[in-house]
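Throughout, protein chains are lettered first and strands after them, A, B, ... in sequence-line order, and every chain is numbered starting at 1.
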2 protein chains.
Amino acid sequence: MTIKDVCEKFGITADTLRYYEKVGAIPKVARSSGGIREYDDEALNWVQNAVCLRKAGVSVEAIAEYVRLFNMGDETLKARLDLLSNEREELGKQLAELTEAVELLDWKISRYRKAVETGVLTWDKEEGE
Amino acid sequence: MTIKDVCEKFGITADTLRYYEKVGAIPKVARSSGGIREYDDEALNWVQNAVCLRKAGVSVEAIAEYVRLFNMGDETLKARLDLLSNEREELGKQLAELTEAVELLDWKISRYRKAVETGVLTWDKEEGE
DNA sequence: TATTGACTTGGAGCTAACTCCATGTAGTAC
DNA sequence: GTACTACATGGAGTTAGCTCCAAGTCAATA
């Protein structure tokens with residue numbers, strides 16, 4: 001697979017993909033004789049991993065650290081587990097904050113829907129709701 | 001309430017709070033005769049709003065736009081509803097991506113726990129799991 | 001063989017959201 | 001009155017994560 005295919009598959013730019021490789025968020029990608037990147041299934045998995053974690057807000061640095069440990073072999077199993085556990089914990093917090101914001105917005109939106117109907121915006125809880 | 005109190009209450013810095021005010025993510029805060037910020041309950045609500053939304057990843061610009069519309073009065077009810085609905089939709093997407101990443105991490109973590117026990121890291125689904 | 005287009009590289013540039021700093025002032029403690 | 005502290009301001013600096021650019025290479029096509 002070429003870099004263009006991978007970009008389309010994951011909805012990111014070629015620059016981003018090269019950037020991830022440069023900073024180690026994905027391992028070095030194999031090149032053709034002409035120096036062109038060739039992504040195989042394993043490479044795609046690494047891209048998938050990076051993209052998924054980035055979308056959730058995990059830092060490029062943390063992802064790169066995981067890749068680095070991975071490349072060091074079995075001695076780093078425990079270190080990788082710790083890293084993943086820490087990131088998981090962060091995502092748990094993030095999930096809670098996101099949920100809180102969603103609740104805030106949903107409540108405001110319900111008020112605004114009523115306000116657009118009635119012309120009056122009120123923040124008081126009403127009877128029967 | 002002084003700026004310091006508000007910082008402690010919400011776990012942010014005074015610089016951040018002044019920054020939010022400067023860019024309009026919260027309305028102008030009243031000052032004492034000496035020019036010191038005095039946060040009343042309404043001001044606190046605005047801070048709460050900004051902090052909550054920021055933690056969920058809503059941009060300072062979007063928050064400021066909401067404040068701007070709010071200050072323009074009832075003509076902007078519909079515009080505010082639209083803005084909030086858009087942000088709500090974004091948060092919904094973010095929630096889905098976050099959930100996906102959490103699932104990825106949880107699965108990896110389960111593999112790594114096993115690997116740390118057995119010394120062997122495997123990505124295959126096992127029988128009876 | 002000349003042109004075209006997709007790729008390569010290193011490095012500069014950009015944006016959002018803070019974060020820090022220099023300088024100044026109001027209010028209190030001695 | 002002087003020192004100290006907590007605040008004020010405008011503006012510069014920082015960081016993460018891209019994003020863009022110039023210059024060059026390679027393969028395929030006219």
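Taking the six-membered ring for Trp and thresholds of 30 and 60 degrees, A/Trp123 and A/Trp107 have ring planes inclined between 30 and 60 degrees apart. Between A/Tyr66 and A/Trp46, the angle of the ring planes lies from 30° to 60°, which puts this pair in the tilted group.
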Expected string for nucleotides 12-30 of chain C under the B/S/- scheme (protein heavy atoms, under 4.0 Å, primed atoms plus P, OP1, OP2 as sugar-phosphate) is -----BBBB-----SS---

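Connection of B/Leu83 to B/Leu81 is established within a shared hydrophobic cluster, with ILVMFWY side chains joined at heavy-atom distances below 4.5 Å, either directly or through further cluster members.
A/Met1 has its CE atom 13 Å from the P atom of C/dC7, to the nearest Å. Distance, B/Glu21 CD to D/dA8 P: 8 Å, rounded to whole Å. Counting to the nearest Å, the C1' atom of D/dA8 and the NZ atom of B/Lys28 are 12 Å from each other. In this structure, B/Ile3 places its CD1 atom 12 Å from C1' of D/dT9, rounding to the nearest Å.
With a 6.0 Å radius and a threshold of 12 heavy atoms from other residues, nucleotides or ligands, B/Arg31 has its CZ atom above the threshold. Shown here is A/Glu38, whose CD atom has more than 12 heavy atoms of other residues, nucleotides or ligands within 6.0 Å.
At D/dA8, one or more side-chain N or O atoms of B/Arg37 fall inside 4.0 Å of OP1 or OP2 (strictly under the cut-off).
Salt bridge status for B/Glu21 with B/Arg18: absent, with no side-chain N to carboxylate O gap under 4.0 Å.
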